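Written below as structure tokens is the structure these notes are about.
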Amino acid sequence: MLLLRRVTPRELRLCQHTYTRKAPFSASPCPCIRQRPNRPSPSRPIRTSREKDSNLDRDRNARPNDDPLPAPSQPRASASSPSRPLAIQQARESATPDTSTSGPYKQVLLASKSIRHNPLATSPIHITTRTSKSYTQQLSAADKFFSSSPCRFLYSAEALRHHSMNNVTPEIVVLGSSNVGKSTFLNALVGQPKAARVSQKPGRTTLMNAYGVGPPPKIPRGLVPKGMPPPRHSLVVVDTPGYGFKSQASWGDAVIKYLQARRTLRGAVVLLSSEKKLLPEDKWMLRTLAEANTRTVVVLTKADKARNGWVETCSLLADMVQQEVDRLDQEFGGKWKDGQDVASRIYITAAGMESPGRLKNGGGIGGVRTAILEMAGFTLQDTVAKKADTVAYTGPVVSFDDIEWRT
Ligand SMILES: Nc1nc2c(ncn2[C@@H]2O[C@H](COP(=O)(O)OP(=O)(O)OP(=O)(O)O)[C@@H](O)[C@H]2O)c(=O)[nH]1
Ligand SMILES: [Mg+2]
């Protein structure tokens, strides 16, 4: 449910200040007050009896090294004080020397299904490509989710009112400065080279373009609003025009209004170029999302551009971004990153290194896929994912945010 509250004079001043700055993505002054829609309930997610059984088996068979990523329903204090299971996992990762990123950059980047920032690492390099057994299973479930059904272009929207009506399907928006690689990233995410148009010139994408991804969800007919066709995809991903260089104020207005008002928006992916520093316009975008309490995953793109220096380059930038995210999280009362686990990490990708169809989870795309699914309200059940070839997608990937659809 969309919750609105009165804007305090301080917030209003802050917004006006933000938007009237030398506009990165200039938009008219208006308050950012959208609460996160449909946060996961603090109680355990409801599960089907089959899932319960399989989870019981998993619990019985779990070995200490197979620490699964914590269920999204588990409470988490803030990004700076991670939940216990996440802290245990990070501590484990930092306990043994991490050589997972060493080797020729092309080989390592293409082979890495998840490239994550690990701020607790004891070495000066805070990047890891290591994956536990259960995380590997989650990655493969995420790959199947994105690749099993072809992605479908849904519509282009110039303004909020042009977006199709959507009451049921979770949406994720891809944001970033112009030319950062948003459309390339979207193509890699959905595994289709030509889903979105890509160009070397900044300012290529000028509209918000929505794509349907994932298999059709199983929703009882009665829960679909009258006169609406049942959704054909489990998730909508929205590509956006870039902010900063070659951007236009009207694009910024449209995107900000969408961020504030779209009820089914479950989270944002903010792309930052690893060729650049953290730009003022990126800080502005992160602040806007923190203020609106929108779940956010940060992704560094074009890791391959630094060639063999990619690990150091990305590690430094990720450290800076993490500091900014933690600072914003604290400023807004520790609520922004609350309840995010997989999605609380900073991810690194090299989506443009290989044709998206061939990249699959490689180039770090797999890690972002799991984070996006978590943000969108899906739980990746690793035990069931083993049988992914034989079960329908209500098995390995279960939406708990949308659980009321099925009851
Ligand atoms: N080397 C390399 N190039 C990349 C990568 N990702 C994107 N690019 C290149 O960066 C350029 C811009 O990519 P786009 O995906 O069009 O960027 P965008 O953010 O959608 O740009 P706008 O729509 O103009 O805002 C293209 O030439 C891509 O091939 C990457 O991971 N590695
Ligand atoms: Mg684009």
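The first residue of the sequence shown is numbered 1, and numbering continues consecutively from there. Numbering of ligands and ligand atoms starts at 1, following listing order. Just so you know, these numbers come straight off a predicted model, no measurement behind them.
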[X] N/O to ligand 1 N/O under 3.5 Å:
X    : result
T349 : no
N179 : yes
G203 : yes
M353 : no
A351 : yes

Within ligand 1, which atoms have a heavy atom of [X] less than 4.0 Å away?
X    : value
P202 : 24 (O)
A350 : 31 (O)
S178 : 25 (O)
G242 : 25 (O)

Among all protein heavy atoms, pick the one closest to [atom] and tell me residue, atom and distance.
atom                    : result
atom 30 (C) of ligand 1 : G352 N, 3.2 Å
atom 1 (N) of ligand 1  : D304 OD2, 2.8 Å
atom 29 (O) of ligand 1 : V198 CG1, 4.0 Å
atom 18 (P) of ligand 1 : K182 N, 3.5 Å
atom 10 (O) of ligand 1 : K302 NZ, 3.2 Å
atom 14 (P) of ligand 1 : T184 OG1, 3.6 Å
atom 3 (N) of ligand 1  : K305 CE, 3.9 Å

Quiz item: Pick one: which of L175, V325, L328, V298 meets side chain to side chain contact (heavy atoms under 4.5 Å, CB included) with L289?
Solution: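 Output: one option passes, namely L175.
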Practice problem: For the pair Y243 and W284, name the ring-plane relationship: parallel under 30°, tilted 30 to 60°, perpendicular over 60°. | Solution: perpendicular
Quiz item: With a 4.0 Å cut-off, would you call D143 and R369 a salt bridge?
Solution: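 The answer is yes: the pair qualifies as a salt bridge.
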Quiz item: In degrees, rounded to 10 degrees, what angle do S183 atom OG and T205 atom OG1 make at the Mg ion (ligand 2)?
Solution: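 It is 90°, given to the nearest 10°.
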Do [X] and [Y] come close enough that some side-chain heavy atom pair is under 4.5 Å?
X    : Y    : result
M375 : R266 : no
T205 : K182 : no
I346 : L300 : yes
V255 : P241 : yes
Q192 : P150 : yes

Self-check item: Side-chain donor-acceptor pair present, D319, H126, cut-off under 3.5 Å
Solution: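 Yes, H126 and D319 have a side-chain donor paired with an acceptor closer than 3.5 Å.
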Practice problem: Please determine, by modelled atom types, if T131 and T136 share a side-chain donor-acceptor pair under 3.5 angstrom. | Solution: yes
Quiz item: Does the gap between the ring centers of Y155 and H162 come in under 6.0 Å?
Solution: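 For Y155 and H162, the ring centres are not under 6.0 Å apart.
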Quiz item: Any non-hydrogen atom of T301 lying under 4.0 Å from ligand 1?
Solution: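 Contact absent.
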Quiz item: Are E291 and R287 close enough, and set up right, to give a salt bridge (charged side-chain N to carboxylate O under 4.0 Å, His left out), and what steps lead you there?
Solution: CA-CA 6 Å; E291 214 168 3; R287 166 170 283 277; 5.2 Å; no
Quiz item: ligand 1 versus S183, non-hydrogen atoms closer than 4.0 Å: side chain, backbone, both, neither?
Solution: both
Self-check item: Stepwise salt bridge (charged side-chain N to carboxylate O under 4.0 Å, His left out) check, E171 with R262
Solution: CA-CA 9 Å; E171 286 185 18; R262 191 69 167 170; 2.7 Å; yes
Practice problem: Would you tell me which option among G181, S273, S247, S199 has the nearest heavy-atom contact to atom 12 (C) of ligand 1? | Solution: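 Shortest heavy-atom distance from atom 12 (C) of ligand 1: S199.
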Self-check item: N/O/S from T184 sitting under 2.8 Å away from the Mg ion (ligand 2)
Solution: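 No, outside the cut-off.
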